[in-house]
Number of protein chains: 2
Amino acid sequence: MTPQRELVMETLAANPGHHATADEVWQVVQARYTAINRSTVYRILELLTRHGLVTQSRLGSSVVHYELAHDHAHHHLVCVRCRRVVQLPAADVSTLRKRIFERHGFRLGAGDLTLEGLCVDCAAADGGRRV
Amino acid sequence: MTPQRELVMETLAANPGHHATADEVWQVVQARYTAINRSTVYRILELLTRHGLVTQSRLGSSVVHYELAHDHAHHHLVCVRCRRVVQLPAADVSTLRKRIFERHGFRLGAGDLTLEGLCVDCAAADGGRRV
DNA sequence: ATGCATGCAAATTATTTGCATTTTC
DNA sequence: GAAAATGCAAATAATTTGCATGCAT
């Protein structure tokens, strides 16, 4: 256990439900541990992910986002307009999962699903028309 | 209309349902038009996307895949093991879309959903256990 | 002829890797 | 003191951009 690892963990734990990029984590940690290097953060996040303490998601952009692994699995709804992220409980997806298995023999993973669309506020501002 | 644009279109049209990366398109086109530049292909793909003739998808990796836009909307099931891509008709998602709107006020877009999991074959090879 | 499209090279962004140098156990 | 973790700098990979030139209309 190294101070770098503790700080990365603390940073993720400080904002539960927040999806931080490696670079964001690096910046936050750097405030308290100037010497830390970006690649160290990447390596730690990879390690934590491999051990199941952290989950990765690709929220539509080309950047990977990290968050502390939860007990209750969930997926992500990303608003294409404001980029807000809403959590979607895994249970809501179970019907779809069943149907996909029946029709395609495809076993939907426990892994993160990222679904894009329009959040309540943006839909309202838009007159609720197009997505 | 330029020869480059025609060739990019032809390349995508040659393999309907295939998800090509910009680089793959570039390589194919290059065989018939040596001088074409990668950035030209990127620009053309971006143009075609903006005009709705082509759709982009992020199939889990950090590379963007392109395909000719279809009349019938569909989503993608990507096997995490063999990276095979299965198309999922939009209709299969309609129940989920409805539920998500009722519970979260979130309007799931027509855009591509990419769902990861295990395809039939990989699940079989795996004894159907874990994902 | 005018302007948009292309080619080229260089910049960007996100991430990874080799290697020498600390740390941790 | 051995093994693993870190820092640094350079390498990669995918994509974008500025600018001079060339082709389409």
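Because the structure is predicted, anything quoted here is derived from the model rather than measured. Quick note on labels: first sequence line is chain A, next is B, and so on, each numbered from 1.
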Does OP1 or OP2 of [N] have a side-chain N or O of [X] closer than 4.0 Å?
X: A/Ser39; N: C/dT16; answer: no
X: B/Tyr42; N: D/dT15; answer: yes
X: B/Thr2; N: D/dA24; answer: no
X: A/Gln4; N: D/dG7; answer: yes
X: B/Arg43; N: C/dA5; answer: no

Quiz prompt | Gap between atom CG of B/Leu108 and atom CG of A/Leu88 - 0.5 Å precision | solution = 9.0 Å

Between [N] ([atom2]) and [X] ([atom1]): distance, integer Å:
X: A/Trp26; N: C/dT16; atom1: CH2; atom2: P; value: 16 Å
X: B/Tyr33; N: D/dG22; atom1: OH; atom2: P; value: 13 Å
X: A/Asn37; N: C/dT22; atom1: CG; atom2: P; value: 15 Å
X: A/Glu24; N: C/dT13; atom1: CD; atom2: C1'; value: 14 Å
X: A/Ile44; N: C/dT17; atom1: CD1; atom2: P; value: 16 Å
X: A/Met1; N: C/dC25; atom1: CE; atom2: C1'; value: 12 Å
X: B/Arg58; N: C/dT13; atom1: CZ; atom2: C1'; value: 12 Å
X: B/Ile36; N: C/dC8; atom1: CD1; atom2: P; value: 11 Å

Quiz item: So which one's nearest nucleotide on DNA chain C is more toward 5', B/Val41 or A/Ser62?
Solution: B/Val41

Exercise. In plain terms, say whether B/Lys98 and B/Glu102 are close enough for a salt bridge, that is, a side-chain N and a carboxylate O under 4.0 Å apart.
Key: no

Quiz prompt | Side-chain donor-acceptor contact under 3.5 Å, A/Ser61 with A/Arg83 | solution = no

Exercise. State which of C/dA5, D/dG7, D/dT15 makes the closest approach to the side chain of A/Ala35.
Key: D/dG7

Quiz item: Among D/dT15, C/dT6, C/dA14, which nucleotide sits nearest the side chain of B/Arg5?
Solution: C/dT6

Practice problem: Please report the closest heavy-atom contact between B/Gly60 and B/Glu116, naming both atoms and the distance. | Solution: CA-OE2, 3.4 Å

Quiz item: Is the centre of the B/His76 ring less than 6.0 Å from the centre of the B/His65 ring?
Solution: no

Quiz item: Can you find an N or O donor on one side and an acceptor on the other, under 3.5 Å apart, linking the side chain of B/Arg38 with the base of C/dG7?
Solution: no

